[in-house]
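Down below is the structure, laid out as structure tokens.
For this chain, numbers begin at 1 and follow the sequence in order. The figures here come from the full heavy-atom set of this structure, side chains too, leaving out hydrogens, waters and symmetry mates.
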Amino acid sequence: MHLPVSLSNSLPGSSVLIAFCAFVLVSSITPGPNNTMLLASGVNFGFRRTVPHLFGICVGMIFMLTVVGLGLGSAFTEFPWTWHVLRVAATIYLVWLAWKLATAGQLQDRDVARPMSFLRAAAFQWVNPKAWVMAVGACTAYVLHPNIWINAAVMGGVFAAINLPSITTWAVFGAGLRRWLAQPRVLRVFNVVMALLLLASLWPILGAQPHGA
């Protein structure tokens, strides 16, 4: 099976790859639900306990990118209502996450509280509007190989190489702030601010539409 011709095919192959790398870097390192939660997790639990969260995001996004690249993204074109259902589900879940973050315990409770697990982080991508916009946008705008299976594999490999270091910077930064936020009152303020940023990340994302939808 071969992919349809993309606008990006008008560029030389190396130019398409460079453009895709830039797209992944900007999408991965800019603020959004994933990075906001990684920053908060680094502060509340430290870097080591945030590692499963990191890998869950990366693996979950690669799986989504692969599935969308193999044809799932066309569902938004065929059934536009599915995008609206996704936005409602994402809003409800992110509001719940924001509430949990805003009411999180103190650093002293870190042995009782649990950071997001690998599986939860991977599954979260399916209700993360930014992840959907990124995956559908990437598979619509960039074709790295005419064979759909090879294209999905190459995209997944490039994404892993760029995304994991990008999101890791947020967890490392959060862990670096950990000692400065040891006071319970300061930590509570930080968690409330992160919860508000998590909610704010919905605003531009929920107004967007996946390419082709």
Side-chain angles (χ1 to χ4, degrees), residues 1-30 32-35 37-38 51-87 89-90 93 116-171 205-206 208-213:
M1 181 180 292
H2 294 273
L3 291 169
V5 176
S6 168
L7 291 176
S8 62
N9 285 345
S10 61
L11 298 172
S14 59
S15 298
V16 177
L17 178 59
I18 292 172
F20 178 68
C21 289
F23 173 83
V24 174
L25 177 62
V26 171
S27 300
S28 298
I29 207 165
T30 51
N34 282 329
N35 289 335
M37 289 191 294
L38 284 174
V51 169
H53 189 169
L54 280 168
F55 280 99
I57 290 173
C58 190
V59 172
M61 277 298 307
I62 292 172
F63 182 69
M64 172 184 283
L65 190 66
T66 301
V67 172
V68 170
L70 295 178
L72 180 63
S74 61
F76 291 124
T77 302
E78 298 295 326
F79 309 102
W81 59 268
T82 57
W83 179 245
H84 301 295
V85 171
L86 171 65
R87 291 196 294 188
Y93 187 63
M116 186 172 283
S117 67
F118 173 88
L119 290 178
R120 277 190 63 198
F124 171 68
Q125 306 317 305
W126 295 88
V127 291
N128 181 354
K130 182 180 179 181
W132 276 107
V133 171
M134 180 180 177
V136 177
C139 294
T140 302
Y142 304 99
V143 176
L144 305 182
H145 193 280
N147 182 281
I148 192 171
W149 297 97
I150 297 177
N151 185 72
V154 173
M155 279 191 161
V158 171
F159 182 88
I162 297 175
N163 176 261
L164 187 58
S166 298
I167 63 177
T168 297
T169 59
W170 287 80
I205 297 169
L206 293 182
Q209 292 287 343
H211 295 264

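- Using a 3.5 Å distance cut-off with no hydrogens or angles, the side chains of K130 and T30 do pair a donor with an acceptor.
- Listed by chain and residue number, nothing satisfies the side chain to side chain donor-acceptor pair (under 3.5 Å) test with N35 (two or more places apart in sequence, or in another chain).
- Partners of F63 under the ring pair (Phe, Tyr, Trp, His ring centres under 6.0 Å) rule, at least two apart in sequence or in another chain, are W126.
- Between V68 and W132, the closest side-chain pair of non-hydrogen atoms falls below 4.5 Å.
- W149 is listed as a side-chain neighbour of L70, based on a closest heavy-atom distance under 4.5 Å.
- Nearest approach of V143 to V16, heavy atoms of both residues: O-CG1, 3.6 Å.
- A donor-acceptor distance shorter than 3.5 angstrom exists from the side chain of T169 to the backbone of S166, with no hydrogens or angles considered.
- You'll find the side chain of Y142 stays beyond 4.5 Å of the side chain of N151, heavy atoms only.
- The shortest distance between side-chain heavy atoms of T66 and M155 does not fall below 4.5 Å.
- Across all non-hydrogen atoms, the minimal contact from L65 to C139 is O-SG, 3.6 Å.
- M134 has its side chain within reach of M61: a pair of non-hydrogen atoms, C-beta onward, lies under 4.5 Å apart.
- The neighbour count for Y93 OH, taken as heavy atoms of other residues, nucleotides or ligands under 6.0 Å away, is above 12.
- Shown here for M116 and M37, the closest heavy-atom pair between the two residues is CE-SD, 4.2 Å.
- Rounding to the nearest 0.5 Å places SG of C21 at 4.0 Å from CD1 of I162.
- When all heavy atoms are compared, the tightest approach of F159 to C58 is CE2-O, 4.1 Å.
- In terms of heavy atoms, I57 sits closest to A121 at N-CB, 3.9 Å.
- Listed by chain and number, the residues in a side-chain contact (heavy atoms from CB on, under 4.5 Å) with T168 are F47, L54, L164, V172 (sequence neighbours excluded).
- Looking at every heavy atom in both residues, G137 comes nearest to F23 through C-CZ, 4.4 Å.
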